[in-house]
Amino acid sequence: MAMSAPLNLVNFERVHKAFGTTVVLDDVSLGVAAGERIGVVGRNGGGKSTLMSLLTGIDEPDSGRVTRRGDLAMGVLDQLGTLPEGTTVRDVVLPTTLFASEHEWAADPAVRSVLAGLELDRMGLDAPVAPMSGGERRRVALAAQLIRPLDLLVLDEPTNHLDVEGVAWLAEYVRSRPGGLVVVTHDRWFLDEVCTTTWEVADGAVHAYDGGYSAYTLARAERARIASVTEERRLNLVRKELAWLRRGPPARTSKPKFRIEAAQALIADEPPPRDTMALQGFAARRLGRTVYDVEDVSYAVPTEQGPRTLFRDLTWNVGPGDRIGIVGVNGAGKTSLLKLLVGETEPDSGRVVVGQTVAAAYLSQHVAELPPKARVLEAVQDVARLARIGNQEISASSLAERFGFAASRQWTPVGDLSGGERRRLQLLRLLMAEPNVLVLDEPTNDLDIDTLTALEDLLDTFPGTVLVVSHDRYFVDRVCDTVVALLGDGSLAELPGGVEEYLRRRAAGGAPLTTAAGDAGPRPVGAPSTAKSAVSAAEARAAKKEVGRLERRMLKLDADEQKLHEQLAAAATDYARAAELDAQLRALQAEKDAVEEAWLTAAELAEG
């Protein structure tokens, strides 16, 4: 006898919800099945929060209905991380209603994993929650939900305030737990690692896609092609994002279960996201040889237990056109390092040399003061009406529109903006100042995926130096050419293997970044190289990028050559057509020879 399909945990049936004259959800029908892991994406203000409110029962639809299984055990993490006053970490996370005695939870490996993964063991179980920062309170609230035996877990931006290692742990934990999951997040790596389904909330509808972010991007590109979307700029961004995904690790595209030939056609002629060598040459002309030289810097911060050293005799060079991602455990000094570079703090010893032509723009984690009575467009135009970014000149209004402020929204008073919109406005004002160095501290916080894609597109043509501190692995991979790491031992090291290498070293016990003679591990930044090479590290990195680009071009030329041979065979009796095809073939073979020569040169440079 065939078993019946399991009932959904939550069902939406023709749900309609509006606020005033604005329709947020219109005739939406969908369901959450047991064990399903759903990622929710969409523009800020597009209806994600409303959908979550209806799903969890905080709000009710105007029409239609939302039904939940009668015995459903559901846990919710909101963005506020609200906790009961007068409680401790133990009271919130390990209540006596769940654990009658300490040995009950101490013997549970899942509970111990949550406490360690969210660093609550370092925080202290008897620590009061009242004086905690917003990030700490969020981690406590998240732990309280993860430990409970739930059928459905609803999480709103759970990766905010976690470091790269914490995000990786959370992805592994929620992927292995048996219950259902609905998560709103802008973290595209997390979506790919965790989710089996993606919901896109847009224009009053909810579109469902199989798989995580990669599958969603491929399907959206296919949908745009079939529908002949007229928003050419939006389609171009989807193409560029798709090209990036297809060039990345194979795992990124292993999940989609639909045909992707049509999506492949979209990117057949799509160039690499950026021409690294050209950008570095332009940056060198704008910035000269020096951007930041950190020389023998030591720096400590005061704590209740006395000064804690963040950097000890640190030497580091940041050059023109460098695109560097900075990762590390919470408290290792990532933000402190950026503040030393931009001059907000001074080192205890040593010095930071700043290039004479450096015009830096620093995006901190805190939203700067903005004129509350000014309109959005006025706040941007206060900085400049026109800005040149790379090889394009763009108006304040056009840039605001690219960052999600539609023409009507540009006349909204700054004081009426949401937190995410204020963050976008802060970034806009920085870019309009035409900096040649961008120093970004957690730039992805409070930005939706479409805005992140627009930012990445803009940075692709930014002819300067970019320094990024971020827990968003996708953004770091997409924007940065190199990754350096802080593990809290006072030094900084380049990691050729990027974030993956950082996580491997942390999993191996937080191996120190300094390496013994003969160690094949990462070399401390600023340490002398034992290899004899006339090629700088920046030139080698750029050459590696060029090798990849040329290899992709050779594959394309090989395919084109095969097509021409087939066409020549078919046109054997048409002399005029055959002559035309033969000329095309000769030109293609000449280009192929030139590309192969360029590849050999770049490969030699890449090998040093």
Side-chain angles (χ1 to χ4, degrees), residues 8 28-43 46-48 51 153 155 157-159 167-168 170-172 174-177 180-203 205-227 229 231 234-268 270 273 444 447-454 456-457 472-478 500:
N8 282 341
V28 170
S29 296
L30 47 80
V32 182
E36 192 173 16
R37 299 190 299 272
I38 300 169
V40 182
V41 300
R43 276 198 174 277
K48 300 192 300 294
L51 182 68
L153 189 58
L155 305 177
E157 295 291 358
T159 65
V167 174
L170 180 62
E172 176 63 30
V174 297
R175 195 170 55 218
S176 61
R177 66 182 294 276
L181 172 72
V182 178
V183 56
V184 175
T185 181
H186 65 266
D187 191 316
R188 293 159 288 182
W189 178 88
F190 188 85
L191 285 168
D192 252 354
E193 286 295 304
V194 169
C195 297
T196 56
T197 303
T198 300
W199 287 351
E200 181 192 26
V201 185
D203 302 322
V206 180
H207 303 281
Y209 303 91
D210 286 337
Y213 180 71
S214 299
Y216 157 67
T217 302
L218 289 166
R220 190 170 68 157
E222 174 71 350
R223 190 184 76 192
R225 186 187 70 82
I226 293 171
V229 174
E231 298 174 272
R234 190 177 180 89
L235 179 56
N236 285 338
L237 290 182
V238 173
R239 283 177 177 148
K240 179 176 281 191
E241 186 80 341
L242 178 56
W244 163 251
L245 288 167
R246 291 299 298 162
R247 293 182 180 116
R252 284 190 182 142
T253 51
S254 61
K255 293 179 184 177
K257 297 180 175 63
F258 49 83
R259 292 176 69 251
I260 62 170
E261 288 87 347
Q264 288 278 35
L266 275 172
I267 63 165
E270 183 70 17
T444 67
L447 299 184
D448 57 49
I449 288 176
D450 281 353
T451 304
L452 286 175
T453 305
E456 290 159 356
D457 180 57
D472 188 325
R473 291 171 65 175
Y474 188 102
F475 186 82
V476 170
D477 282 345
R478 176 69 174 78
E500 286 295 335

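- Looking only at distances, no side-chain donor or acceptor of Asp203 sits under 3.5 Å from a matching main-chain atom of Ala205.
- Gly46 approaches Val201 most closely through the heavy-atom pair O-CG1, 3.5 Å.
- One finds the CG atom of Asp187 at 9.5 Å from the CG atom of Leu170 (value rounded to the nearest 0.5 Å).
- Residue Thr197 holds its OG1 atom at 11.0 Å from CG of Leu30, rounded to the nearest 0.5 Å.
- Taking all atoms of both residues into account, the shortest heavy-atom contact from Thr185 to Pro158 is CB-CD, 4.5 Å.
- Between Glu193 and Arg473 there is no salt bridge, since no side-chain N of the basic residue sits under 4.0 Å from a carboxylate O of the acidic one.
- Thr451 places a side-chain heavy atom less than 4.5 Å from the side chain of Arg43.
- Residues Asp472 and His186 come closest through the heavy atom pair OD2-CD2, 3.8 Å.
- The side-chain heavy atoms of Arg188 and Leu452, taken from C-beta on, include a pair separated by under 4.5 Å.
- The minimum heavy-atom distance linking Trp189 with Tyr474 is given by the pair N-CB, 3.8 Å.
- Considering only heavy atoms from C-beta on, Leu181 comes within 4.5 Å of Leu153 through its side chain.
- Leu218 is not listed as a side-chain neighbour of Tyr209, based on a closest heavy-atom distance of 4.5 Å or more.
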Report task. Could you walk me through whether Leu191 and Ile449 pass side-chain contact (heavy atoms from CB on, under 4.5 Å), step by step? Result -> CA-CA 11 Å; Leu191 285 168; Ile449 288 176; 3.8 Å; yes

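- No donor-acceptor pair under 3.5 Å is formed between the side chain of Thr196 and the backbone N or O of Glu36.
- Smallest separation of non-hydrogen atoms from Ala215 and Gly211: CB-CA, 3.9 Å.
- In terms of heavy atoms, Trp199 sits closest to Gly31 at CZ2-O, 3.6 Å.
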